[in-house]
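What follows is one structure encoded as structure tokens, with my remarks underneath.
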Protein chains: 2
Amino acid sequence: MEHRPPVISLTATQEPPVYGQGMQSRSPASRTGRPRSATADAAILAATRQALVDLGWSKLTLGDVATRAGVAKTTLYRRWAGKNELVVDAVAELFDELELPDSGSLAADIEGVVLQFAAILARPEAKSGLMAVVAEATHDDALRERIRASVVDRQKRLVLEGRCRAQERGELPPEPDSESASRTADLIFDMVAGAVVHRTLVSAEPADEEWVRSFTRVLLQGLGT
Amino acid sequence: MEHRPPVISLTATQEPPVYGQGMQSRSPASRTGRPRSATADAAILAATRQALVDLGWSKLTLGDVATRAGVAKTTLYRRWAGKNELVVDAVAELFDELELPDSGSLAADIEGVVLQFAAILARPEAKSGLMAVVAEATHDDALRERIRASVVDRQKRLVLEGRCRAQERGELPPEPDSESASRTADLIFDMVAGAVVHRTLVSAEPADEEWVRSFTRVLLQGLGT
DNA sequence: GTGCTTTCGCTACGAGACGTAGCGTAACGC
DNA sequence: GCGTTACGCTACGTCTCGTAGCGAAAGCAC
């Protein structure tokens, strides 16, 4: 599952779509031949999530996923390099629904986002899948970058938008310089995501409304509002 | 690696030591026969940590650990039920060194503990091992309980001690009732551990002194000191 | 010392997943 | 229709798993 073999493209075209996914990110005009089935992609990712629920990370096998999705095992290997990449893409789709509510106050905005985040993390496929790939990413830089791009940045954007909106409303002081602004955003992001993840996965307690309210109160007061 | 077979004890003695570890926790007088080698235990756990560094979780095999430790594979299986339990014990030892410093002020105490915690999490064997077993624990209650007992509680104790000490010094208000005291302690714990874990593993940035100072400032101000 | 008990190292084994190769067929663009 | 690519299927060698069985070693009771 490690050594990517050459993957030589017989003609000198760029980048065979192997490993790709991530929507239309590959060559803008993959022109000739039979196109890949988008249905198969969706079925595979859905089957992966279901397999995560039923089996967990360690017992999940690519052969089983292929069977569930109704595709051949070889089809699966033509698109993903291995279990890690497949699960990242499968889990990343869960975070598509994350949106920043416009509730009128910073506290309400934060509570809304955190509740959404908590709801996603409460799903068993997110729990086992996300933590496992993060663990694998500790010794696989490419995988970490893949997670950052398709999962983390999507969350972080909400923090930046929320702060910007709060500053326009005067609920948060403007940052003196962009350097410290970036550091503060990183800190907030780690505190929010970290607390929810730890609550849900390690403490194994639900991040319900009451908890989110307490957490938001501490965070906002700590940020000096 | 799943179905524990009967493990019938021919004589009707209690609890064959399988799965045990956790020091002298097994039957107080395991009297007769050749005793288990404590040296082997230590060698196996050390070899497990080194294998985590070299290979990461998914590529770590019990056969390889046995070779590294200089013991037979069967010896390893006689003591641990599988990879999960072995790694939990190997990682748990890393947290033995956690201690609450007595620095005179709450802020300094917190910063000290968080820095210790961050130093442990910075080690590659802690990163990959801890996250992987947490992921596995999402669908294995016994494993989660094992993690809670040997890792989480050891950390949580520091939060409780630190708060108690701060209340004696008057730096934190006493809690009105034990119910809310418990909830607040849980919240603090999730915030501290979660933020450090997220910073170290997901954001992949060091939780250095500067970061810890910023974090502590936000946390303490949020707690109303 | 002599036994009794348990652990140890070693070898061998079937089961299962991995990841690939090869083939014939199906679907699209020109 | 033709070229090109994706698809389903089968088969294969390799690796790890977890266990069984054996003889030898290391303690304790007597």
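Proteins get letters first, then strands, A, B, ... in listed order; numbering begins at 1 in each.
As rounded to whole Å, 12 Å separates atom C1' of C/dA17 from atom CG of A/L60. Rounding to whole angstrom units, CG of residue A/L76 and C1' of C/dC18 are separated by 13 Å. In this structure, the CG atom of B/L86 is 11 Å from the P atom of D/dC17, given to the nearest Å. Residue A/L55 contributes atom CG, which lies 15 Å from atom P of C/dG16 at whole-angstrom precision. Taking atom NZ of residue A/K83 and atom C1' of nucleotide C/dA17, one finds them 10 Å apart after rounding to whole Å. Residue B/W80 contributes atom CH2, which lies 16 Å from atom P of D/dT19 at whole-angstrom precision. Between the CG atom of A/L62 and the P atom of C/dC18 there is a distance of 5 Å, given to the nearest Å. Whole-Å rounding puts the A/I44 CD1 to D/dA6 C1' distance at 12 Å.
Between A/T61 and B/K73, the one whose closest nucleotide on DNA chain C sits nearer the 5' end is B/K73. Toward the 5' end of DNA chain C, the nearer of the two residues A/T74 and B/P35, judged by each one's closest nucleotide, is B/P35. Where A/A40 and A/G33 meet DNA chain D, the nucleotide closest to each residue was compared, and A/G33 sits on the side nearer the 5' end.
Each of B/K59, B/R49, B/R68 was evaluated against B/D54; a single residue qualifies, B/R68, per the side-chain hydrogen bond (donor to acceptor under 3.5 Å, both in side chains) test.
A salt bridge links B/R165 with B/D102: at least one charged nitrogen is closer than 4.0 Å to a carboxylate oxygen. Between B/R183 and B/D186 no salt bridge is recorded (no basic side-chain N to carboxylate O distance below 4.0 Å).
At a cut-off of 3.5 angstrom, the base of D/dA6 holds no donor-acceptor pair with the side chain of A/R36. If you check distances only, the side chain of B/R34 does reach the base of C/dT7 with a donor-acceptor pair under 3.5 Å.
Listed nucleotides: D/dG21, D/dT5, D/dT19. Nearest to the side chain of B/Y77: D/dT19. Of the candidates C/dT6, C/dG9, C/dG22, C/dG9 carries the atom nearest the B/V71 side chain, counting heavy atoms from C-beta on. Side-chain proximity of B/T75 to C/dG9, C/dT6, C/dA27: nearest is C/dG9.
Within 6.0 Å of atom CD in B/E145, more than 12 heavy atoms from other residues, nucleotides or ligands are found, so the atom counts as buried in its surroundings.
Judged as a side-chain hydrogen bond (donor to acceptor under 3.5 Å, both in side chains), the pairs with a partner in residues 200-209 of chain B (not counting sequence neighbours) are, in order, A/D190-B/S203.
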